Amino acid sequence: KQNYTLMGEKRAVYIKSAEDIRRLLAKLGATRAVAEIEEARAVKHVKNQVNRRVNAELANQTRSAGAAQRQLELIEALDDLGLRPGLPEALETFCRLRENHPDLSLRDLGEMAQPPLSKSALYHRVLRLEKMVEEAGRHMKGIEASQLPMTTLVLGVDSMVKRFKLGLLSESCQSHD
C-alpha cells in the first residue's frame, strides 16, 4: 500500500510493503538494493522455518516426556493396587519397557520391543492399563482413604488414574461425615 504525507510544502511518499519497496527499487534501477532485500527476505524465511521446526520438536518432546511420566505413574498405581502380578504378557512387556526406558517416546519404545511394536499398539496397551485401574477403582469404593497407598493420595497422575483416586478419596471422606 502506498501513501503520502505532507511535510511542510513537500509531499513524502511512504511504502510499507516489502514487495512494493522491491518493485520500486527495481524500477529505479537499484539492482544491488533489490538483491540485498531478496537476500534478507530469504534469510528471514529460513530462520522462521528453523524456529518453527525447533518449536514443534520441543513441544513434541515435552508432550512425550509428560506422557511417559503419566505412564510411569499408571504403572505405579497398578503396583499399588496389586494388579501387576496378574497382567497379561503384552501389558507386562509394556510396563517393563517403560520402566527401563522412561525417556523414550512410544514410537521409540516400540522399536525397543522384540518383536518391534507400533506406536498404536503401545498406546492401546496404555488404554487397557488405564481401564484396568479404573475398573479396580469401582470395586474398591468402600476402602477408606487412610487405607490407600500413599501414591494414591498424590496429585499429578494420569487423568484416568487421577479421577479414580480422587473419586475414592472423596467418597471415603464423604462416608465419614
Side-chain angles (χ1 to χ4, degrees), residues 1-78 90-134 151 153-167 170:
K1 182 176 178 182
Q2 298 177 8
N3 291 303
Y4 70 93
T5 186
L6 293 176
M7 298 181 75
E9 295 284 322
K10 299 179 183 181
R11 292 180 187 205
V13 175
Y14 63 92
I15 304 169
K16 291 183 178 181
S17 162
E19 182 58 31
D20 289 342
I21 293 169
R22 188 196 66 74
R23 276 197 301 250
L24 176 63
L25 291 173
K27 286 181 182 180
L28 295 173
T31 56
R32 190 169 30 153
V34 170
E36 288 174 9
I37 288 174
E38 290 297 328
E39 182 181 349
R41 288 175 75 186
V43 167
K44 183 178 178 181
H45 177 72
V46 169
K47 283 183 179 180
N48 287 340
Q49 277 188 313
V50 168
N51 283 336
R52 276 192 292 277
R53 287 180 183 163
V54 167
N55 289 341
E57 183 61 29
L58 286 174
N60 286 340
Q61 288 176 357
T62 300
R63 275 193 302 273
S64 182
Q69 180 60 38
R70 288 187 299 275
Q71 291 161 12
L72 288 169
E73 291 167 351
L74 177 63
I75 293 168
E76 186 177 344
L78 287 166
L91 299 181
E92 179 58 35
T93 298
F94 169 79
C95 292
R96 279 194 313 271
L97 280 169
R98 175 49 74 208
E99 288 172 327
N100 291 334
H101 306 284
D103 56 331
L104 295 182
S105 66
L106 280 181
R107 181 180 53 88
D108 295 339
L109 200 63
E111 292 173 5
M112 300 293 293
Q114 291 302 323
L117 298 167
S118 70
K119 177 181 173 180
S120 176
L122 291 178
Y123 178 70
H124 283 91
R125 290 178 187 188
V126 171
L127 294 178
R128 286 172 58 196
L129 293 172
E130 287 176 344
K131 185 176 179 183
M132 288 177 70
V133 169
E134 186 177 15
T151 55
L153 303 175
V154 177
L155 297 178
V157 293
D158 180 88
S159 61
M160 294 294 281
V161 177
K162 189 177 196 178
R163 282 195 302 268
F164 154 68
K165 291 177 181 181
L166 291 176
S170 64

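Hydrogens, waters and symmetry mates play no part in the numbers below; they use all other heavy atoms, side chains included. Since this is a predicted model, take the numbers as computed values, not measurements.
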Quick one: pull up [atom1] in [X] and [atom2] in [Y] and give me the separation to the nearest 0.5 Å.
X    : Y    : atom1 : atom2 : result
Q114 : L97  : CD    : CG    : 9.5 Å
E99  : F94  : CD    : CZ    : 9.5 Å
L104 : M112 : CG    : CE    : 6.5 Å
N48  : R53  : CG    : CZ    : 12.0 Å
T31  : E36  : OG1   : CD    : 10.0 Å
L109 : L122 : CG    : CG    : 5.5 Å

Open item on the list: Test side chain to side chain contact (heavy atoms under 4.5 Å, CB included) on E57 and V54; report intermediate values, then the result.
Closed with: CA-CA 5 Å; E57 183 61 29; V54 167; 5.8 Å; no
Open item on the list: For S17, is there any backbone N or O sitting under 3.5 Å from a side-chain donor or acceptor partner on R22?
Closed with: no
What I'd like to find out is whether the side chain of [X] reaches to under 4.5 Å of the side chain of [Y], using heavy atoms alone.
X   : Y    : answer
R96 : T93  : yes
K47 : V43  : yes
S64 : D108 : no

Open item on the list: Please tell me whether N55 and R52 have a donor and an acceptor in their side chains that are separated by less than 3.5 angstrom.
Closed with: no
If you look at every heavy atom in [X] and [Y], which pair is closest and at what distance?
X    : Y    : result
I21  : I37  : CG2-CD1, 4.0 Å
R125 : L117 : NH1-CD1, 3.2 Å
L25  : A33  : CD1-CB, 3.9 Å
A68  : P102 : CB-O, 3.2 Å
A26  : V34  : N-CG2, 3.5 Å
D103 : R98  : N-NH1, 4.4 Å

Open item on the list: Any carboxylate oxygen within less than 4.0 angstrom of a Lys/Arg side-chain nitrogen, looking at R41 and E19?
Closed with: yes
Open item on the list: Quick test of your reading of the model: are R107 and E111 salt-bridged, counting only N-O distances below 4.0 Å?
Closed with: yes
- [ ] For atom CD of E39, decide whether the heavy atoms of other residues, nucleotides or ligands shown that lie under 6.0 angstrom number more than 12.
- [x] no
Open item on the list: Run the side chain to side chain contact (heavy atoms under 4.5 Å, CB included) test on M132 and L91 for me, step by step, so that the C-alpha distance in whole Å, both residues' side-chain angles and the decisive distance to 0.1 Å come before the verdict.
Closed with: CA-CA 11 Å; M132 288 177 70; L91 299 181; 3.7 Å; yes
